[in-house]
Amino acid sequence: MRCIVKGGNPLRGIIRLPGDKSLSHRAILFAALAEGHSEIDNVLLAGVTQPMLAALTAFGIDWSLNGDHLTVNGKGLAGWQDPNQEIDCGNSATTMRLLAGAMAATNVSGVLDGSAGLRRRPMDRIVQPLQDMGVEIRATNGCAPLSLIRSKRPLRGMQHQLGVASAQVKTCLILAALVGDRTTTIIEPGPSRDHTERMLGSMGAGIETIKPDGKATPLYRTQVEPLSKPLEPLKMHLPGDISSAAFFIVSGLIAPDSEIEIENVGLNPTRTGLLDALGEMQAHLPIEETKAQGGEPCGRIGIRSSALKATTVMGEQVVRMIDEFPVFGVAAAYTVGETLVADAKELRYKESDRIAMLCQELRKLGVEAIETEDGFRIIGKGKIDGGVVEAHGDHRLAMSLMVAGLGTRTPVVVEGAEVVNESLPQFIPLLRSLGAEIHCEDS
Ligand code: S3P
């Protein structure tokens, strides 16, 4: 699909977003690991969560959907069955990495595979530490397909030192650690998202997070105790996805004369790096915290068109906005001045090489975007040109490039735009409801 975005319209209105992607994956999976009946509201129903739901069926777990309300009858760690076919994780690395941990915890045998794009994503980062714990898991040249076979119990509780901060890897290891013979400690160089710790903690797991104290090296420790009783079922209303909100936030900042409000957005501090960066860029972005939902901070974000200033993002802030760099790059292109992103090599291992692809596509819109090994530099001129760009099978790149077109004089045409359905099928209708002019056609 090709989408043509005509810029210049003011965006106005109040929107709510589907449930957070990370929380949806966890809620679906952890409910299946619990014993009993879980009820989850505002689940994200999109390309990335379908494989997780289908996997539950393959492992013998009953679930049902009524709109975006999900009911799961969890069978506990001992109640999962071997799937009788390969599990297709689609394009979702979260599904694959979290399921590998869940299969280790439930001691089932099976194969995890996925799209050609997913087969290129690094899986050695979970395979090696799982093997160290005694899990019988094999990758194919460090990538999917992954095959797991039943292994000796209990698994070895141990200390893992991760080279990069990664919530997917951490979650995979936390799940395996639930059936360890002693405490498992996971050490990370940065503050990866802590949804697993909050959610599993609320279900009765013993997980402690120890932040760096400033004196020692800046490392984050997560300590996991073996489960002493079954996980309790989950009752939770999921907050809207801050990573999806990011596209509407930047839209409201760059489209002329705009005023938007986004209600019920998750504001977990491990996810709000973009809000901090935009604050430094002098964005008009009032945030009001509302009642927390299931242990996750939530709130309302107001957005008004703003003259943005260039900034620098590096260090721990990178982890706290890891999915937001494509749209942050668009915001940077609308500033006057040089924006620098460093310490972000991880972006090369996402749905696309987001450093290379973002810079390449922004250059097609007349932006001076310079790739570095671990980030990029964008020299903003306060405006960008229209042109034809490509999504490269990356949902966040597709949405970011459409957002880029909201402030241009001539249209931005995004090829391969159907990929937005991976994480936010409502993206185009919601943007149109705010006043954006987007025309899509088959290509
Ligand atoms: C996710 C963690 C992040 C993020 C991904 C979802 C999660 O990946 O990029 O979209 O749900 O745990 P890493 O933890 O590998 O950085």
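Both ligands and their constituent atoms are indexed starting at 1 by order of listing. Source: prediction; values computed, not measured. Keep in mind that the numbers below use all heavy atoms, side chains included, and drop hydrogens, waters and symmetry copies. By convention here, the first residue in the shown sequence is residue 1.
- In this structure, H25 falls outside the shell of residues with a heavy atom less than 4.0 angstrom from ligand 1.
- By the criterion of a heavy-atom distance under 4.0 Å, neither the backbone nor the side chain of H195 is placed next to ligand 1.
- At least one heavy atom of K21 sits closer than 4.0 Å to an atom of ligand 1.
- Under 4.0 angstrom from ligand 1, there are no non-hydrogen atoms of K170.
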> What's the verdict on side chain to side chain contact (heavy atoms under 4.5 Å, CB included) for T196 and L175, showing C-alpha distance, side-chain angles and the deciding distance?
Replying inline: CA-CA 9 Å; T196 297; L175 292 173; 5.6 Å; no
>> Under the criterion side chain to side chain contact (heavy atoms under 4.5 Å, CB included), I'd like the reasoning laid out for I61 against K75: C-alpha separation, chi angles, the key distance, then a yes or no.
In response: CA-CA 7 Å; I61 309 295; K75 290 195 171 165; 3.9 Å; yes
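- The closest heavy-atom contact to atom 16 (O) of ligand 1, among the options K350, E346, R396, E351, comes from K350.
- Using a cutoff of 4.0 Å between basic side-chain nitrogens and carboxylate oxygens, E422 and K21 are not scored as salt-bridged.
- Backbone and side-chain nitrogen or oxygen atoms of S166 are examined, and one is located within less than 3.5 angstrom of a nitrogen or oxygen of ligand 1.
- For the residue pair S243/R271, the side-chain donor-acceptor check at 3.5 Å is satisfied.
- No heavy atom of T171 sits closer than 4.0 Å to any atom of ligand 1.
- A salt bridge links K170 with E197; the closest basic N to acidic carboxylate O contact falls under 4.0 Å.
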